[in-house]
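Since this is a predicted model, take the numbers as computed values, not measurements.
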Amino acid sequence: MNHAGGPVCIKDLETIARGVMPSGAWGYYDSGANDEQTKYSNLSAFDEYRLHPRYLRDVSTVSTETTVLGQRVKTPLGVAPCAMHKLAHADGELATSRAASGHGSIMILSTYATASLEKVIAEGDGSTQYWMQLYVYRERRVSEAIVRRAEKAGFKALVLTVDAPVLGRRLIDARNKFNPPDDLVLENFAQDKESKTFGALFGANGDQSLSWENGVAWLQSITKLPIIVKGILTKEDTELAIKYGCAGVIVSNHGGRQLDGALSSIDALPQVVAAAQDKLEVYMDGGIRRGTDIFKALALGARAVFVARPVLWGLAYKGERGVRHALGLLQKELELTMMLTGTTSIEQIDRSFVYQPVNRWVRYNKRGELVAKL
Ligand SMILES: Cc1cc2nc3c(=O)[nH]c(=O)nc-3n(C[C@H](O)[C@H](O)[C@H](O)COP(=O)(O)O)c2cc1C
Ligand SMILES: CCCCCCC(=O)C(=O)O
């Protein structure tokens with residue numbers, strides 16, 4: 001592929017990133033769990049929703065502005081939390097933060113970031129909301145310390161990831177015997193050198209007994225920040241999130257990295273939106289690679305969407321400029337989709353713009369090539 005004029009879509013960025021990253025780091029970013037069914041269905045499920053365009057509606061001015069948690073953002077496209085941005089580029093999360101900041105939406109910072117949360121938020125220009133992602137640890141004081149630092153630094157919400165009581169089994173990492181490199185420091189999370197394996201970092205610290213009561217209710221009891229639960233796929237858990245006073249849920253299967261066989265995010269979204277009944281905000285991530293994907297998720301009721309791998313690919317391509325490029329491509333594609341569907345504001349995008357033909361399924365092979373339409 002010739003990229004002389006720069007990557008023109010997210011797929012181009014993926015190809016470039018694959019070419020420039022060391023195989024272990026690439027494998028860690030790319031992998032899904034086990035057979036990667038969920039990772040691939042996150043992508044192919046979008047194709048099962050078709051768009052209903054409306055015309056002759058004056059689309060000379062289009063705005064993607066909206067509100068999230070009551071605050072205005074320039075666009076409903078944000079950055080999902082991802083561990084270890086420095087695997088992609090030496091500037092890591094600081095570069096991502098600068099790029100996200102110009103973009104004017106939301107950046108969710110991973111607990112396993114390779115830059116401290118204070119430094120990351122300091123790169124912002126005030127137009128972007130920062131949310132802090134948390135895993136709640138057996139040692140609650142470790143999690144509480146991160147909450148206190150996030151509050152003090154100006155983070156606007158806490159994102160509690162619930163789909164990882166244990167880490168999913170990623171076969172590529174197992175084959176590569178990949179573990180976080182010794183020279184990377186997880187700056188928000190004290191660790192000794194000997195514990196630098198996924199098992200030691202994640203397994204030994206995680207709390208497998210975590211529940212709504214000892215996790216979500218505990219977090220509510222120690223902070224006034226809004227709590228968003230990440231990794232929700234069912235109406236039952238949405239109802240519990242409402243019961244436990246959460247401000248929002250992120251419909252997500254962790255990019256297919258946890259439970260292989262779990263429902264794709266876009267397919268789970270409608271039932272979560274229905275159960276939410278406007279009592280909390282619903283966001284989604286997983287498989288967004290096109291502006292049309294963002295549009296479909298908004299049409300099915302998401303208030304905002306988040307991307308993970310496209311940001312990492314941008315970072316591997318050219319650091320801050322690469323992330324800007326990735327977010328810019330998606331933003332432009334969203335605006336184009338709005339013009340071509342006859343929508344000029346986010347509020348106008350509703351369910352009437354998507355159509356899901358029944359009994360039609362598209363299938364991709366592992367290289368992302370279309371192999372069947374049933
Ligand atoms: C390399 C990598 C690291 C991730 N690290 C975290 C993490 O630390 N915390 C978390 O809640 N989710 C993490 N995720 C999951 C993402 O936040 C997100 O749910 C998912 O990747 C979105 O799908 P996408 O990659 O198709 O955009 C990670 C995903 C990737 C690819
Ligand atoms: C350095 C520990 C990484 C923990 C796992 C981060 C994550 O959520 C992932 O999907 O990978």
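For residues 203-224, the salt bridge (charged side-chain N to carboxylate O under 4.0 Å, His left out) pairs, not counting sequence neighbours, are R140-D207. Among residue pairs with one or both ends in residues 228-250, none qualify as salt bridge (charged side-chain N to carboxylate O under 4.0 Å, His left out); sequence neighbours excluded. For residues 72-87, the pairs satisfying side-chain hydrogen bond (donor to acceptor under 3.5 Å, both in side chains) are E65-R72, T75-Q331, H85-T96, with sequence neighbours left out. Within the structure, salt bridge (charged side-chain N to carboxylate O under 4.0 Å, His left out) pairs that include any residue of residues 155-169 do not occur (at least two apart or interchain).
One finds a salt bridge joining R324 and E320 here, because a Lys/Arg side-chain nitrogen approaches an Asp/Glu carboxylate oxygen to under 4.0 Å. Taking the charged nitrogens against the carboxylate oxygens, E335 and K332 have no contact shorter than 4.0 Å, which rules out a salt bridge.
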Side chains of residues 283-308: which donor-acceptor pairs under 3.5 Å do they make with residues two or more places apart or in other chains?
from: Y283; atom 1: OH; to: E281; atom 2: OE1; distance (Å): 2.6
from: D285; atom 1: OD1; to: S252; atom 2: OG; distance (Å): 2.7
from: R290; atom 1: NH1; to: E333; atom 2: OE2; distance (Å): 3.0
from: D293; atom 1: OD2; to: R289; atom 2: N; distance (Å): 2.9
from: D293; atom 1: OD2; to: R290; atom 2: N; distance (Å): 3.1
from: K296; atom 1: NZ; to: F46; atom 2: O; distance (Å): 2.9
from: K296; atom 1: NZ; to: Y49; atom 2: O; distance (Å): 2.8
from: R303; atom 1: NE; to: T67; atom 2: O; distance (Å): 2.7
from: R303; atom 1: NE; to: E281; atom 2: OE2; distance (Å): 3.4
from: R303; atom 1: NH2; to: T67; atom 2: O; distance (Å): 3.3
from: R303; atom 1: NH2; to: T67; atom 2: OG1; distance (Å): 2.9

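Annotation: side-chain hydrogen bond (donor to acceptor under 3.5 Å, both in side chains) contacts of S97 (sequence neighbours excluded): Y130. Every side chain to side chain contact (heavy atoms under 4.5 Å, CB included) that V162 has, sequence neighbours left out, goes to L160, V229, I232. With sequence neighbours excluded, the residues forming a side chain to side chain contact (heavy atoms under 4.5 Å, CB included) with R149 are S116, L117, E118, N188, listed by chain and number. Applying the side-chain hydrogen bond (donor to acceptor under 3.5 Å, both in side chains) criterion to E144, with sequence neighbours excluded, gives R148. Contacts of Y112 classified as side-chain hydrogen bond (donor to acceptor under 3.5 Å, both in side chains), with partners at least two apart in sequence or in another chain: Y137.
Residues L340 make up the rest of the hydrophobic cluster containing L336, defined by ILVMFWY side-chain heavy atoms closer than 4.5 Å, directly or through other members. L263 forms part of no hydrophobic cluster, judged by ILVMFWY side-chain heavy-atom separations under 4.5 Å.
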